[in-house]
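Before we start, here is the structure in question, set down as C-alpha cells.
The sequence lines fix the lettering, A, B, ..., with proteins before strands; numbering per chain opens at 1.
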Amino acid sequence: MSEKQKIRTRFAPSPTGYLHIGGARTALFNWLFARHKGGRFILRIEDTDQLRSTEESTRAILDAMTWLGLNWDEGPFFQSQRVDIHRRMVKKLLEEGKAYYCTCAPEELEDKRKRALAEGRKPKYDGTCRERKLTKTAHAAVRFQCPDTGTTIVHDLIKGAISFNNDELDDLIIERADGFPTYNFAVVVDDALMEITHVIRGDDHVNNTPRQTLLYQALGYPVPRFAHVPMILGADKTRLSKRHGATSVMAYKEMGYLPEALVNYLVRLGWSHGDQEIFSLKELIEYFCLEAVGKSAAVFNQEKLLWLNQHYIKQCPEDRLVEEMMPFWKNLGLDPSDRKLARNVAIDLKERARTLQELADASVFYFQDEIAYAPEAAEKFLTAEAAGHLRAIADGISALTDYSKEGIEVFLRSFAGQRGMKLKFIAQPLRVALTGRTASPGIDDIMVTMGKDRVIRRIAKAVEHITRHRA
RNA sequence: GGUCCCAUCGUCUAGUGGUCAGGACGCUGGCCUCUCACGCCGGAAACAGGGGUUCAACUCCCCUUGGGACUACCA
C-alpha cells in the first residue's frame, strides 16, 4: 500500500434490522476517518443472508445514515448482487487446492459441536471432508482450508499486534450449500475489490480477522489495515441491546433528539480530544484520528446524551427549531400553523427542554383555547384573593400601551408595588391562570407570545373558575 | 470450556515515570430569580488486588481478580 494511496473506508451493515447505536458509531468513525484524510467512504449492504435480509431494513439504515448526515461517496453496493464474483473467487480457491467441497450435514456438525463442548474439547470442524476430494454435488458447501500450523498476526491500529495460532482456526465455510458466500468470505472479496484501505469495525470482529487475513493471502490480495473499536455496553456492562432501552437511531429521532447531539455523543464514546466535550462537525473532521480511540468498552449513558441534546437545542437557530418541532406538535394534535406563534413558543421554551418532545409537551398551553389547570396548582394559587388581583391585572393590561416584554415587566412590578406585594405573589397566580401550571417560561415572555387578547381572555377564564370553585 | 480483548471518580474520559490525578454528565451546597429551567461559583467522588523493574510508578513487565467479545452453511 503506497503512502499516496487514497484512504478508503466502508460501512457494511447487514439489513436485518434498523441501524442501531453501535452500528451508527462504527459508521461515524469510518466516515470521520475518511473525511479527515480526504478519502472516500463507501456504503455496502451485506445482504447475503437471503432469509434475514429485508428491503425495509436497507431503507431504514439508509434513512438513519442520512438523518445523521453520514453521506457516502460510493454505493450503496449490494453484496447479493456480487455473488457471481464471489463464486468465481471460490472456484479459484478450489482450483488452487485452497478450498474443498464439504458434504457434512449441518445437523451432524451441530451434534459434533455440542459433544465437543460437553467433553471440554474445542468445537472446531474435524476436517472430515478435507481429504475426500469431493466434486460439486447438490448440497455441498465449500470450505477454506486453513493452515494448521504457524501464527497469524493482526496489526490492529487501535489494539496493536494480536497474534493467533493457526491451529485455533478451523476450515470455515466460504460458500453455503445454497451457493451464496458466507460473511467471512464475501467481506474479504468485496473489501479487496473495492480497495478498502482501512477496515474500521466493531471489536466483536477481532476473532474473525485472522481467518480473513488468511483469506486475503490465499486470494493474493493485499491485507488492509484493521481498526477494531471497542463495544458499546448497556448499564449492566453487557453488549447494548433492546432490553437496555432504545437502540435504534431513528427511535432517538422520534424521541426528539437532534442528529448533531447523537453524533457528538457517539463520537465521545471511545474517542476523545483532550478535555473537549462539544464538537462541531467541522471540528470532528479536523481532529478525528484513530490514535485517540480508546481500547476499553464504553457504557451508553442516556443522561449525558440528554445534556448534549439540550445544548444543541439551545444552540439551534430558531427557524430550524420550528421545523424540527412540527412533527412533535402535530403528534400532540396541536395546530402550529401560525408560524409567528410557533416561532415564539420555540424561543420561549428552547432553554428549558432536553428533547423536542419535552419542548412540545411544555408548549401545549400556548396552542389550546381551553387550558386545564393542574389540580395542585389551582388549589394553591387560584384563590379568592388572587381573583381580585387577576381582575385588576386584566384591566391594567388592556389599558397597557407598551405591550412588550419590558412594558409588561414594568407594569407587573408597579402593580405589585402599589399593592405592597412582592412580584412573586402575583406572578404565580397569573402563571397558573395563563398556563395551568406552576412552572413555565417567564410570565412576560408568555404574555408577549400569547398576545394581549388571549391573555385577557385567559385571565377572565381563571377568574370565572375561581368564582365557580371558591367563594 | 477454548481463543482473543479490556481495566483512572457511578458513567464518558484526560494522563504517556516525578501532577494537590484534570475535564464532562449525573449527584450535591450556594448565587441569580416571577416559577421551572438556563447561567455562574463551590463540594463529594477514581488509579481493581498482589508481585516485580526503577531513586521514583496511574503510567513499564508478570500474576490474580473482574468484565466483555467470539466460538454458525448470521453478519
Side-chain angles (χ1 to χ4, degrees), chain A residues 12-16 46-49 51-53 79 102 104-106 109-110 113 116-124 139-143 154 156 158-159 162-165 168-170 172-178 180-184 186-187 201-210 228 230-231 233 235 237-239 265 268-278 292 294-308 310 314 349-354 362 377 381 409 412-413 416 422-432 435 437-444:
Chain A
S14 66
T16 53
E46 310 231 314
D47 56 348
T48 51
D49 185 336
L51 261 61
R52 302 196 308 153
S53 299
Q79 202 157 54
C102 173
C104 294
L109 257 18
E110 184 58 31
R113 187 176 307 118
L117 223 42
E119 292 168 18
R121 290 179 292 114
K122 40 173 121 276
K124 66 181 255 188
H139 295 291
V142 180
R143 286 186 186 270
V154 174
D156 192 275
I158 292 170
K159 296 176 187 294
I162 309 170
S163 106
F164 297 85
N165 280 325
E168 294 293 340
L169 281 18
D170 60 359
L172 73 158
I173 302 231
I174 56 178
E175 187 177 288
R176 293 187 276 240
D178 66 4
F180 278 85
T182 55
Y183 164 73
N184 277 299
V187 77
R201 79 227 301 197
D203 204 324
D204 48 338
H205 285 284
V206 286
N207 285 310
N208 286 325
T209 311
H228 288 99
M231 301 272 85
L233 275 23
K237 304 233 181 194
T238 63
R239 193 187 176 130
Y265 179 70
R268 285 284 293 102
L269 241 34
W271 176 82
S272 60
H273 183 72
D275 282 342
Q276 191 168 343
E277 294 287 350
I278 307 287
K295 295 179 180 184
S296 47
V299 174
F300 189 83
N301 182 226
Q302 193 99 19
E303 290 297 321
K304 190 157 183 181
L305 209 207
L306 277 168
W307 171 72
L308 275 164
Q310 176 174 243
K314 281 189 288 185
L349 286 164
K350 68 187 289 192
E351 299 236 320
R352 46 201 101 213
R354 296 185 302 176
F381 295 107
E409 162 119 37
L412 287 177
R413 285 198 186 281
K422 288 200 157 196
L423 183 57
K424 63 195 288 190
F425 292 109
I426 60 164
Q428 279 307 77
L430 186 52
R431 188 186 317 281
V432 176
T435 72
R437 309 183 188 194
T438 53
S440 80
I443 282 290
D444 42 9

Query raised in the report: Taking a pair as Watson-Crick or G-U wobble with both distances under 3.5 Å, which nucleotide is matched to B:G1?
Result: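 By the stated definition (distances under 3.5 Å), B:U71 pairs with B:G1.
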Query raised in the report: Do the side-chain N or O atoms of A:R121 get closer than 4.0 angstrom to the phosphate oxygens (OP1, OP2) of B:G1?
Result: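 Result: no.
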Query raised in the report: Between A:R354 (CZ) and B:C25 (P), how many Å, whole number?
Result: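 After rounding, the gap between these two atoms is 13 Å.
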Query raised in the report: Can you name the closest pair of heavy atoms from A:M231 and A:D203 and give their distance?
Result: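 Closest approach of A:M231 to A:D203, heavy atoms only: CE-N, 3.7 Å.
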Query raised in the report: Are a donor atom and an acceptor atom from the side chains of A:H228 and A:D156 found within less than 3.5 Å of each other?
Result: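 On atom types as modelled, these side chains qualify, holding a pair under 3.5 Å.
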Report task. Answer with base, sugar-phosphate or nothing: what part of the nucleic acid does A:L423 contact at a heavy-atom distance below 4.0 Å? Result ->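 Base, at least one base atom sits under 4.0 Å.
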Query raised in the report: Which part of the nucleic acid does A:G294 contact within heavy-atom distance under 4.0 Å: base, sugar-phosphate only, or nothing?
Result: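 The answer is nothing, as A:G294 stays clear of every strand by at least 4.0 Å.
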**Report entry** Whole-angstrom distance between B:C6 and B:G43, as gauged at atom P
**Finding:**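 Comparing P positions in B:C6 and B:G43 gives a spacing of 36 Å.
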Query raised in the report: Atom CD of A:Q310 and atom C1' of B:G26: how far apart are they, to the nearest Å?
Result: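 For the pair A:Q310 CD and B:G26 C1', the rounded distance is 13 Å.
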Requested in this report: Determine the Euclidean distance between corresponding C1' atoms of B:C58 and B:U13; express it in Å to zero decimal places.
Outcome: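 These two C1' atoms come out 14 Å apart once rounded.
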Query - Inter-nucleotide P distance (B:G49, B:A7), Å rounded - result: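 Per the computed distance, 15 Å lies between those P atoms.
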Query raised in the report: For A:K314 and B:C36, what is the distance between atoms NZ and P respectively, to the nearest whole Å?
Result: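 After rounding, the reported distance stands at 17 Å.
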Report task. For nucleotides B:U8 and B:C61, find the distance between their P atoms and express it as a whole number of Å. Result ->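 Between the two P atoms, the distance is 16 Å.
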Query - Euclidean distance, atom CZ of residue A:F425 to atom P of B:U35 [Å, nearest integer] - result: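 Atom CZ in A:F425 sits about 10 Å away from atom P in B:U35.
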Requested in this report: Record whether the side chain of A:R431 comes under 3.5 Å of the base of B:C34 through a donor-acceptor pair of N or O atoms.
Outcome: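 Checked by distance alone, the answer is yes.
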Requested in this report: Scan every strand shown for a Watson-Crick or G-U wobble partner of B:C36, both distances under 3.5 Å, and answer none if you come up empty.
Outcome: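 Looking at the geometry, B:C36 pairs with no nucleotide.
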Query - Separation of atom CG in A:L306 from atom C1' in B:U11, rounded to whole Å - result: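 About 14 Å, once rounded to whole Å.
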Report task. Could you pick out which residue, A:D444 or A:W307, lies toward the 5' side of RNA chain B when each is mapped onto its nearest nucleotide? Result ->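 Nearest nucleotide further toward 5': that of A:W307.
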Report task. Anything under 30° is parallel, anything over 60° is perpendicular, the rest tilted; go ahead and classify A:F300 against A:Y265. Result ->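 The arrangement is perpendicular - the two ring planes meet at more than 60°.
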Query raised in the report: Please give, in whole Å, the distance from B:A37 P to A:L349 CG?
Result: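 That distance rounds to 14 Å.
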Query raised in the report: Given the C1' atoms of B:A75 and B:G17, what is the spacing between them in whole Å?
Result: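 The same atom, C1', in both gives a distance of 44 Å.
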Query raised in the report: Is A:E277 side chain donor-acceptor paired with the B:G23 base, going by distance under 3.5 Å alone?
Result: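 For A:E277, whose side chain was compared with the base of B:G23, there is a donor-acceptor pair (under 3.5 Å).
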Requested in this report: Give none if B:G17 has no partner; otherwise give the nucleotide forming a Watson-Crick or G-U wobble pair with it, both distances under 3.5 Å.
Outcome: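 Paired with no nucleotide.
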Query - Closest approach of A:T438 to A:Q428 (non-hydrogen atoms, all atoms of both residues) - result: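 Nearest pair, atom of A:T438 first, then A:Q428: O-NE2, 3.4 Å.
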Query raised in the report: Between A:D204 and A:R239, is there a salt bridge with N-O shorter than 4.0 Å?
Result: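 Yes, A:R239 and A:D204 are salt-bridged.
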Query raised in the report: Within the structure shown, what part of the strands sits under 4.0 Å from A:F180 by heavy-atom distance: base, sugar-phosphate, or nothing?
Result: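 No contact.
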Query raised in the report: In terms of side-chain heavy atoms of A:Q428, which of B:U13, B:G39, B:U35 is nearest?
Result: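 For A:Q428, the side-chain atoms sit closest to B:U35.
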Query - Non-hydrogen atoms of A:R113 and A:P123 that approach each other most closely - result: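 Taking A:R113 first and A:P123 second, the nearest heavy atoms are CG-CB, 3.4 Å.
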Query raised in the report: Paired with B:A56: which nucleotide, if any, by Watson-Crick or G-U wobble criteria at under 3.5 Å for both distances?
Result: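 Paired with no nucleotide.
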Report task. For A:S440, report the nucleic acid contact type (base, sugar-phosphate, nothing); a contact means any heavy atom under 4.0 Å. Result ->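 A:S440: base contact, heavy atoms under 4.0 Å.
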Report task. Starting from the 5' end of RNA chain B, give me the residue, A:K122 or A:K159, whose nearest nucleotide shows up first. Result ->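 Comparing both residues, the 5'-ward one is A:K122.
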Query raised in the report: Looking only at atom P, what distance separates B:U19 and B:C27, rounded to whole Å?
Result: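 Rounded to whole Å, the distance is 34 Å.
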**Report entry** Residue matched to B:C27 through Watson-Crick or wobble contacts both under 3.5 angstrom
**Finding:**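 Partner of B:C27: B:G43.
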Query - Nearest-0.5 Å distance that lies between atom OG1 in A:T209 and atom CZ in A:R201 - result: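 So the OG1 of A:T209 and the CZ of A:R201 are separated by 4.5 Å.
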Report task. Could you measure between the two P atoms, the one in B:G67 and the one in B:G30, and give it in whole Å? Result ->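 It comes out at 40 Å once rounded to the nearest Å.
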**Report entry** Pair A:E277 + A:K304: basic N to acidic O under 4.0 Å
**Finding:**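 A salt bridge is present here (some side-chain N lies under 4.0 Å from a carboxylate O).
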**Report entry** Distance in angstrom units between A:L430 CG and B:C36 C1', rounded
**Finding:**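 About 15 Å, once rounded to whole Å.
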Report task. Please report, rounded to the nearest Å, how far the P atom of B:A24 is from the NZ atom of A:K304. Result ->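 A:K304 atom NZ is separated from B:A24 atom P by 10 Å.
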Query raised in the report: Given that both distances must come in under 3.5 Å, which nucleotide forms a Watson-Crick or G-U wobble pair with B:G66?
Result: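 Pairing partner: B:C6.
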Query raised in the report: Has the side chain of A:Q276 got a donor or acceptor atom that lies under 3.5 Å from a matching backbone atom of A:I278?
Result: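 Side chain of A:Q276 to backbone of A:I278: a pair is present.
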Query - A:T182: which of A:V142, A:I173, A:V187 passes side chain to side chain contact (heavy atoms under 4.5 Å, CB included) - result: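 It is A:I173, the one option of A:V142, A:I173, A:V187 that forms the side chain to side chain contact (heavy atoms under 4.5 Å, CB included) with A:T182.
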**Report entry** Pairwise P distance, B:G22 and B:U64 [rounded to whole Å]
**Finding:**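 That atom pair is separated by 33 Å.
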Query raised in the report: Checking all strands, does A:N165 fall into the base, sugar-phosphate, or nothing category for heavy-atom contacts under 4.0 angstrom?
Result: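 Nothing: the residue A:N165, judged by heavy atoms under 4.0 Å, touches no strand.
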Report summary line: With sugar-phosphate taken as primed atoms, P, OP1 and OP2 and all else as base, the protein-contact string of nucleotides 65-75 of chain B at under 4.0 Å (heavy atoms; B, S, -) is ---SBBSSBBB
